[in-house]
Amino acid sequence: MAMNFKRKLPIPKEIREEMPLSAETQAAKPLFDAQVADILTGKSNKKLLIIGPCSADREDAVLDYTERLAKVAQDVADKLVVIPRVYTNKPRTKGTGYKGLMHNPDPEGAPDLLGGIKALRHMHVRVAETTGMFTADEMLYPESYQYLTDVLAYNAVGARSVENQQHRLVAGGVSQPVGMKNPTGGSCDVMLNSIYAAQQPEMFIFRNWEVETTGNPLAHAILRGFKGLDGINYPNYHYEFLMRLAERYTPDMYKNPAVIIDCNHDNSGKQPLEQIRIIHEVLDSTRRSADIAKLFKGFMVESYIEDGNQPVGGNVYGKSITDACLGWDKTASLIYTIAERL
């Protein structure tokens with residue numbers, strides 16, 4: 001057993017300087033961020049829609065998808081702020097399989113982490129420059145988010161990471177909203193504790209620095225369902241669950257209580273078409289309860305160009321190589337429907 005230190009990588013600032021955003025795009029970022037913050041703090045009645053592929057594995061298809069998405073986003077801008085999912089790192093339940101763009105091999109088949117870092121930044125930057133939309137990614141590796149900090153509009157801490165101390169500490173210092181998912185076991189205590197922790201000022205070691213954070217007042221909840229010990233998927237988007245969450249997730253304890261409903265994963269049983277039904281049910285619940293309506297801030301949807309998924313190495317353009325996604329035609333129709341119902 002050994003850890004072989006192969007080479008020292010450039011620090012994130014050096015990568016950002018090597019692959020910068022244009023001055024125009026940099027100037028647009030604070031305006032976009034303000035729209036997102038206003039939704040989470042309740043200043044705006046718009047909702048967030050964080051939508052896109054389960055995994056962003058190839059730049060051409062992701063750019064094609066986000067260009068289509070940008071056109072629809074303009075049409076519904078009076079009701080929705082759309083943030084494209086450009087998820088370049090993937091958690092693995094058993095540690096094996098496709099881990100995301102950063103782990104893609106070089107032409108000779110060996111891991112090339114520096115090449116992967118540059119590839120994922122290139123993808124995020126191209127999306128922002130081409131569409132004017134800023135992106136969402138999962139903070140799978142807390143030390144790596146800084147490669148993208150100037151282009152991200154939204155971070156998510158996943159179900160397998162949400163109880164991790166380092167994720168919570170770093171989430172308290174990032175400049176974007178951070179959504180904390182309920183863990184795979186379903187505990188809302190874990191999720192709420194993570195939100196509370198991320199909202200507190202802290203001092204800790206990060207990338208060989210002693211850092212101090214102010215806490216992140218935009219840390220909030222993402223409900224994604226869970227899988228029980230019996231192997232059955234248990235959703236947590238139903239009216240009764242949202243009411244119980246609203247009773248516990250209150251402003252006397254947490255800053256800016258807010259919840260995003262992840263419509264896929266264990267909420268849908270990874271059946272992407274179910275995302276449509278789930279969205280309608282949640283919107284119905286917001287009409288039945290003022291408490292749910294106040295807490296609810298938007299949806300997370302897995303969507304790509306083609307319906308379904310395919311194995312890693314599959315050659316279908318715009319089709320997911322991880323979880324199955326909603327195809328583009330259904331996606332566009334769904335976005336317009338959401339806007340009509342808001």
Side-chain angles (χ1 to χ4, degrees), residues 6 9-12 15-16 19 50-59 61-63 65-66 83-106 110-128 134-171 173-181 183-184 194 198 206-207 222 224 260 262 264-265 270 300-304 309 312-313 320-325:
K6 296 177 62 176
L9 297 174
I11 64 172
I15 296 292
R16 295 197 305 267
M19 308 171 69
I50 303 146
I51 187 167
C54 176
S55 53
D57 61 307
R58 49 182 291 179
E59 185 175 296
V62 168
L63 197 62
Y65 173 89
T66 54
I83 303 176
R85 280 176 56 109
V86 183
Y87 275 35
T88 49
N89 297 307
K90 297 302 297 178
R92 301 284 78 182
T93 301
K94 295 182 178 179
T96 59
Y98 178 74
K99 295 184 178 69
L101 197 62
M102 189 166 67
H103 291 84
N104 277 1
D106 63 23
D112 179 18
L113 296 185
L114 179 57
I117 289 167
K118 291 183 177 182
L120 66 87
R121 177 161 177 86
H122 190 267
M123 184 187 294
H124 279 268
V125 168
R126 280 202 72 194
V127 169
F134 297 90
T135 53
D137 205 341
E138 179 173 345
M139 192 196 294
L140 184 58
Y141 308 110
E143 68 276 11
S144 298
Y145 93 92
Q146 287 186 314
Y147 292 112
L148 299 172
T149 186
D150 56 338
V151 71
L152 289 177
Y154 189 89
N155 284 284
V157 173
R160 299 163 187 83
S161 306
V162 73
E163 201 164 7
N164 179 269
Q165 179 94 328
Q166 186 78 348
H167 283 81
R168 294 177 174 190
L169 292 170
V170 174
V174 306
S175 56
Q176 307 89 20
V178 179
M180 299 291 199
K181 289 197 174 187
T184 53
S194 295
F206 182 64
R207 299 188 67 97
I222 302 176
R224 48 89 73 199
I260 301 291
D262 179 348
N264 214 11
H265 297 103
K270 296 191 178 181
M300 184 175 285
V301 174
E302 291 194 323
S303 144
Y304 210 0
N309 61 350
V312 175
S320 177
I321 60 168
T322 46
D323 289 351
C325 293

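Starting from 1, each residue takes its place in the sequence as its number.
- Side-chain atoms of Asn264 come within 3.5 Å of backbone atoms of Ala324 as a donor-acceptor pair (strictly under, hydrogens ignored).
- Val170 has its side chain out of reach of Glu143: every pair of non-hydrogen atoms, C-beta onward, lies at least 4.5 Å apart.
- Side-chain contact between Tyr87 and Ser55 is absent, with no heavy atoms from C-beta onward closer than 4.5 Å.
- Around atom CD of Glu163, no more than 12 heavy atoms belonging to other residues, nucleotides or ligands sit under 6.0 Å away.
- A donor-acceptor pair is defined here as one N or O able to donate and one able to accept, closer than 3.5 Å; no such pair exists between the side chain of Asn309 and the backbone of Asp323.
- Looking only at distances, a side-chain donor or acceptor of Gln176 sits under 3.5 Å from a matching main-chain atom of Thr149.
- Summarising the geometry of Val162 relative to Arg168, their closest heavy-atom pair is O-NE, 3.1 Å, with the distance given to 0.1 Å.
- At distances below 3.5 Å, not a single donor-acceptor pair connects side-chain atoms of His124 with backbone N or O atoms of Phe134.
- Between the CG atom in Leu101 and the CD1 atom in Ile117 there is a gap of 10.5 Å [rounded to 0.5 Å].
- Here the closest heavy-atom approach between residue Ala128 and residue Val151 is recorded as CB-CG2, 3.7 Å.
- Taking both residues in full, the closest heavy atoms of Met180 and Ser194 are given as CE-O, 3.7 Å, listed atom of the first, atom of the second, then distance.
- Using a 4.5 Å cut-off on side-chain heavy atoms (C-beta onward), Pro53 and Ser320 make no contact.
- Side-chain atoms of Asn155 never come within 3.5 Å of backbone atoms of Ala171 as a donor-acceptor pair (strictly under, hydrogens ignored).
- Interatomic distance, CG of Asn164 versus CG of Leu169, reported as 8.5 Å (0.5 Å rounding).
- Nearest heavy-atom pair, Arg16 versus Tyr147, reported as atom, atom and distance to 0.1 Å: CG-O, 3.9 Å.
- Using a 4.5 Å cut-off on side-chain heavy atoms (C-beta onward), Ile15 and Lys118 make contact.
- The line from OG1 of Thr88 to CG of Asp137 is 3.5 Å long, rounded to the nearest 0.5 Å.
- Under the 4.5 Å side-chain criterion, counting only non-hydrogen atoms from C-beta, Tyr65 is in contact with Ser303.
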For this session: Decide side-chain contact (heavy atoms from CB on, under 4.5 Å) for Glu138 and Asn89; before the verdict, give the C-alpha distance in whole Å, the side-chain angles of both, and the deciding distance to 0.1 Å.
Result: CA-CA 7 Å; Glu138 179 173 345; Asn89 297 307; 6.0 Å; no
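- Two residues are said to be in side-chain contact when any heavy atoms from C-beta on lie closer than 4.5 Å; Val174 and Met139 meet this criterion.
- With values rounded to the nearest 0.5 angstrom, Gln146 atom CD is found 9.0 Å from Ile11 atom CD1.
- Without hydrogens or angle criteria, Arg121 side chain to Met19 main chain gives a donor-acceptor distance under 3.5 Å.
- Tyr304 and Ala61 make their closest contact through OH-CB, 3.3 Å (heavy atoms, listed as atom of the first residue, atom of the second, distance).
- The CG atom of Leu120 sits 10.5 Å away from the CD atom of Glu59 when rounded to the nearest 0.5 Å.
- Within the 3.5 Å criterion, the main-chain N or O of Val157 finds no donor-acceptor partner in the side chain of Ser161.
- For the pair Leu63 and Val127, the minimum side-chain heavy-atom distance is below 4.5 Å.
- Taking 4.5 Å as the limit, every side-chain heavy atom of Arg85 sits out of range of all side-chain heavy atoms of Tyr154.
- Counting all heavy atoms, side chain and backbone alike, Lys181 lies closest to Arg224 at CD-CG, 3.7 Å.
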